[in-house]
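Worksheet: one structure, shown below.
All values below come from the heavy atoms of this structure, side chains included, with hydrogens, waters and symmetry mates left out.
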Amino acid sequence: MDKQYGFSIILIIVGFGLIQTGNDVPFVVGSGVGTISIGVLWLIIQIIKAWKKPKAK
């Protein structure tokens, strides 16, 4: 597994942690949602790059 995938998974977990803190502060919930979306977007970009990469024969 590449380090980039690990980093994006950590971002997603931190985002879920921010959402689950129990605070009703909109900034904290928004930060959690933003962190999750950045992690998911990074994962999608990396998967598309790996998918488009030509396979060696």
Are [Y] and [X] connected into the same hydrophobic cluster when the rule is that any two of I, L, V, M, F, W, Y join if their side-chain heavy atoms are below 4.5 Å apart?
{"X": "Phe7", "Y": "Ile12", "value": "no"}
{"X": "Trp42", "Y": "Phe16", "value": "no"}
{"X": "Ile9", "Y": "Ile45", "value": "no"}
{"X": "Ile38", "Y": "Ile48", "value": "no"}

Indicate yes or no: at least one non-hydrogen side-chain atom of Ile36 is less than 4.5 angstrom from one of Ile19.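 Side-chain contact under 4.5 Å: yes.
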Smallest separation among heavy atoms of Leu18 and Val28, with atom names: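 Residues Leu18 and Val28, closest heavy atoms: O-CG1, 3.5 Å.
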Return the minimal non-hydrogen interatomic distance between Ser8 and Leu43, and the atom names on each side.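 Of all heavy-atom pairs spanning Ser8 and Leu43, the closest is OG-CG, 3.3 Å.
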Give, for atom CG of Leu41 and atom CD of Gln46, the distance between the pair rounded to the nearest 0.5 Å. 10.0 Å
Considering the options Leu11, Ile10, Val40, which one meets the side chain to side chain contact (heavy atoms under 4.5 Å, CB included) requirement together with Thr35? Leu11
